[in-house]
Asker: 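Have a look at the structure that comes next, please.
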Amino acid sequence: MKLDNPLTGSMISLDEWWMPFTANRHFKAAPRLLAKADGMYYWTPDGRQILDGTAGLWCVNAGHNRKPIVEAVQKQAATMDYAPPFNLGHPVAFEAATAVAAVAPEGMKRVFFTNSGSEAADTSIKIALAYHRAKGESSRRIVIGRERGYHGVNVGGTMAGGIPGNRKAFPALMSGVDHIRATHDLARNAFSRGQPAHGAEFADELERLITFHDASNVAAVIVEPMAGSAGVLIPPKGYLEKLRAICDKHGVLLIFDEVITGFGRLGAPFAAQRFSVKPDLLNCAKAINNAAVPMGAVIVNNEIHDAIVNGAPAGQIEFLHGYTYSGHPLACAAAVAAQKLYVDEKLFERARAMEPVFEAALHSLKGARHVIDIRNLGLVGGIELEPRAGGPGKRGIEAHIKCFEAGALVRFTGDILALSPPLIVEKEQIERLVDTIRGVLQAIE
Ligand SMILES: Cc1ncc(COP(=O)(O)O)c(C=O)c1O
């Protein structure tokens, strides 16, 4: 199929790009294209403005095309496009690590760069295994994830992840994983504002699984402190604290996957600070550099880093892991500029200040057609729709498409709509997003 590209006047073919996580035939029959972005908005190739209710894909926290980031990338590209990160360094990578460490929780000041959240997931699992080996506990190999967890699509993340559809075609790519149940509990927690009151006891299942496998075999637990991709599942009060205590009791490492929650999304640098629960390893990506260039990282507790690095013989590579593009100069330049922008504009604090406005607007959808739950924290909101009889997920995608046609970008997972606007969002824009959703829900079956 061919399409006219009004920006260049040339024709583009839709056939060759096999699109990720997309129903390719459905999409290409009626494509939705974005061609330009600025601040809170996208524009389609034919010039229609779309209000960005999702910060791209939970990643453009400072809004689009921010000048300091654009200029930093341009300058870096013109100065040094690429430098190998193995046994060679370059200043901007060290600066980027320092900037990320500056907002990381106390005692977590070592940063391993990756190029995505998926790579951060696999890297964190490898660090956990390497740590136990360095401590003389190499039998600790089992990784426990959680149902409905999403840790990207590489081998470790796929297996530790808890979304059945993502796993089913790849049985046991990685052996030695198990899962605790998800925290979602509509019966008790529907329409909670902020953290739900019920469900801390779901963490007890971790105790059961660790006992079942024997703690001497369990390396790590990996969870999103707030599950995003599977439909905005906010941790019940006391739940994360319990996970932390159980991990401590058994010498198991706790990995927080903060690829979505990192860099202000919940009104603090990380969910770890918002919930006052400190993991041992913290995965991030996306907003690390406002998504200007692919980048991710694992933020590591100093003691874990030291056990691996100081435990190896002098002169030997301590951790045989890394990517050609770890600490890519362009990604790092964007990270330094983005972190500075977050501080200069106090965007994390702004997200926290806007939370009540966002919460009130979102919960005004209670009673709207099809809505069976609304949940929120920081600048993340989930709106769960009643699945259509015989067609689960259909209502969700239809709502997404109709919102796009009405000029608003809203994400969907099955029948759950998700909002995560850039942290620069204004009250009127929040209201416009919510009004668009209300109108669409009224219109669709
Ligand atoms: C919690 C979490 N982990 C990992 C990932 C994977 O990140 P990426 O798509 O950059 O590989 C995502 C992506 O949305 C995510 O939400």
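Everything numeric here is computed off the predicted structure, so don't read it as measured data. First listed ligand is number 1; within each ligand, the first listed atom is number 1.
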Asker: List in chain and number order the residues that pass side-chain hydrogen bond (donor to acceptor under 3.5 Å, both in side chains) with Gln195, two or more places apart in sequence or in another chain; answer none if no residue qualifies.
Answerer: none
Asker: Report all protein residues having a heavy-atom distance below 4.0 Å to some atom of ligand 1; order the list by chain, then number.
Answerer: Ser116, Gly117, Ser118, Tyr150, His151, Gly152, Glu224, Ser229, Asp257, Val259, Ile260, Lys286
Asker: I'd like to check the ring pair (Phe, Tyr, Trp, His ring centres under 6.0 Å) partners of Phe270; sequence neighbours left out, ordered by chain and number.
Answerer: Phe263
Asker: Any side-chain donor-acceptor pair under 3.5 Å between Glu119 and Tyr325?
Answerer: no
Asker: So, Arg32 and Glu405, do they make that salt bridge, N to O below 4.0 Å?
Answerer: no
Asker: Write down the atom of Ala220, the atom of Ala128, and the distance for their closest heavy-atom approach.
Answerer: CB-CB, 4.0 Å
Asker: Give every residue pair that meets the ring-ring contact (aromatic ring centres under 6.0 Å, His included) criterion with at least one member in residues 169-197, sequence neighbours excluded.
Answerer: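 Checked against ring-ring contact (aromatic ring centres under 6.0 Å, His included) - neighbours excluded - no pair reaches residues 169-197.
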